[in-house]
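This report concerns only the one structure given below.
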Number of protein chains: 2
Amino acid sequence: MDSEAIKQSLKGSRLRCTPQRYAVMAFLMRQNRHSTAAEIFAAVNRVDPRSSRATTYNNLRDLVKAGLVRDVAVEGRAARVEAKGVRHHHFICDRCGMVEDIEWYNVPRPASGSLGRRVLRECELIFRGLCTKCAPARGSRRVS
Amino acid sequence: MDSEAIKQSLKGSRLRCTPQRYAVMAFLMRQNRHSTAAEIFAAVNRVDPRSSRATTYNNLRDLVKAGLVRDVAVEGRAARVEAKGVRHHHFICDRCGMVEDIEWYNVPRPASGSLGRRVLRECELIFRGLCTKCAPARGSRRVS
DNA sequence: CCAAGAAATTAGAATATATCTAATATGAGA
DNA sequence: TCTCATATTAGATATATTCTAATTTCTTGG
């Protein structure tokens with residue numbers, strides 16, 4: 001599919017295109033979901049059992065550093081990771097920890113002064129609630 | 001100070017006011033910062049060394065469940081916790097993991113339909129960047 | 001195409017964070 | 001004061017992540 005694109009983005013970030021690293025990247029792009037390191041490790045090894053846990057973590061660290069992948073912390077759960085694609089906000093399920101994307105839209109900046117002398121890099125919205133799998137019987141949509 | 005207030009909010013949540021639980025709550029309110037479980041455990045025991053790690057975690061879990069305390073996940077770091085006070089957004093330092101409050105302001109809801117059948121409970125803004133301690137020399141404020 | 005060397009991989013140990021267990025203690029309502 | 005549901009404890013266990021140091025492998029330059 002876009003195997004060439006993956007190779008190019010790795011090369012562009014000066015990361016060698018090893019089978020393990022490629023597999024992590026390909027998995028994340030194919031999935032288009034937010035996966036834990038354990039899920040990625042398992043999935044990559046299911047296809048070709050040649051990657052170690054350390055390598056999975058190393059690659060994720062490098063891919064994050066290179067800006068190809070993004071870390072998403074989830075309260076009370078293992079961290080998740082996603083391939084950076086089009087910009088979006090996040091929805092996190094209170095019950096199962098699943099992270100889902102919410103279509104991007106611009107949010108207003110804080111009142112000037114409120115940021116103080118902090119250096120702002122990015123800003124995103126986090127929605128919390130129940131995903132469709134965890135939501136109780138239909139018709140009970142509640143909005144805070 | 002507001003020791004009576006703490007007792008009342010515990011009682012209101014049907015949580016017994018034990019010395020350990022009170023100490024956790026008092027510390028969080030006094031600090032008005034986002035602390036890790038380890039920090040809380042250490043601080044509480046510095047004053048009166050009678051609390052165990054398990055108790056600290058149990059109490060934090062119960063206080064979160066009761067809605068008196070809020071969990072804040074930080075990528076690549078131990079979770080942090082804060083006493084729920086006035087509503088606010090969060091700023092997380094890329095470098096040291098410190099969580100800081102940003103004055104609350106309303107953010108627009110996502111386009112209807114974008115949430116799908118998900119149940120929305122709350123929504124907050126997360127700003128990322130460098131805190132004043134970690135920011136490099138002054139004058140270099142950069143905004144994405 | 002090959003050699004060289006930087007970069008990446010590995011298994012397993014080590015560390016950090018969080019939860020569980022089951023025996024014991026205690027706050028607070030009656 | 002008595003009672004007992006609730007809370008606490010030390011330490012073991014579970015889970016998540018990083019480290020170590022020996023080995024292997026991409027890739028570049030010759």
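Note that these values count all heavy atoms, side chains included, but never hydrogens, waters or copies made by symmetry. Labels below follow one simple rule: chain letters A, B, ... track the order of the sequence lines, proteins then strands, and each chain is numbered from 1.
Looking at heavy-atom distances under 4.0 Å, B:N59 makes contact with sugar-phosphate atoms alone, never a base. Within 4.0 Å (heavy atoms only), B:A79 reaches sugar-phosphate atoms of the nucleic acid but no base atom. The residue B:T18 sits close only to the backbone: its heavy atoms come under 4.0 Å of sugar-phosphate atoms, none of a base. B:T55 comes within 4.0 angstrom of a base, heavy atoms only. Nucleic acid contact class of A:S51 (heavy atoms, under 4.0 Å, all strands): sugar-phosphate only. At a threshold of 4.0 angstrom between heavy atoms, the contacts of B:R21 are confined to the sugar-phosphate backbone, with no base atom among them.
At whole-Å resolution of the value, CD in A:Q8 and P in D:dT27 are 11 Å apart. Following rounding to the nearest Å, B:K11 (NZ) and C:dG29 (C1') show an atom-to-atom distance of 10 Å. Residue B:Y57 contributes atom OH, which lies 17 Å from atom P of D:dA14 at whole-angstrom precision. Note: CD (B:E75) to C1' (C:dA16) measures 18 Å, nearest angstrom. If you measure from atom CG of A:L60 to atom P of C:dA8, you get 14 Å, rounded to the nearest angstrom. We find that CG of B:N58 is positioned 12 Å from C1' of C:dT21, with the value rounded to whole Å. One interatomic measurement links the two molecules: CD of B:E39 to C1' of C:dA18, which rounds to 16 Å at whole-angstrom precision. Note: CZ (A:F41) to P (D:dT18) measures 15 Å, nearest angstrom.
Counting heavy atoms of neighbouring residues, nucleotides and ligands inside a 6.0 Å radius, atom CZ of B:R61 exceeds 12 of them. Counting non-hydrogen atoms of neighbouring residues, nucleotides and ligands closer than 6.0 angstrom, the CD atom of B:Q8 exceeds 12 such neighbours.
Below the 3.5 angstrom threshold, one finds a donor paired with an acceptor across the side chain of A:R16 and the base of D:dT25.
Judged purely by atom type and a 3.5 angstrom limit, B:Y105 uses its side chain to pair as donor or acceptor with the backbone of A:P108. When atom types are taken as modelled, the side chain of A:H90 and the backbone of A:H88 share no donor-acceptor pair closer than 3.5 angstrom.
Ranked by how close their nearest DNA chain C nucleotide is to the 5' end, B:A54 and B:L15 are led by B:A54. Mapping A:Q20 and B:A38 onto DNA chain C via the closest heavy atom, the residue that lands nearer the 5' end is A:Q20. Along DNA chain D, the nucleotide closest to B:R14 and the one closest to B:R53 are compared, and the more 5′ of them pairs with B:R14.
Residues A:E82 and A:H34 bring a donor and an acceptor atom of their side chains to less than 3.5 Å of each other.
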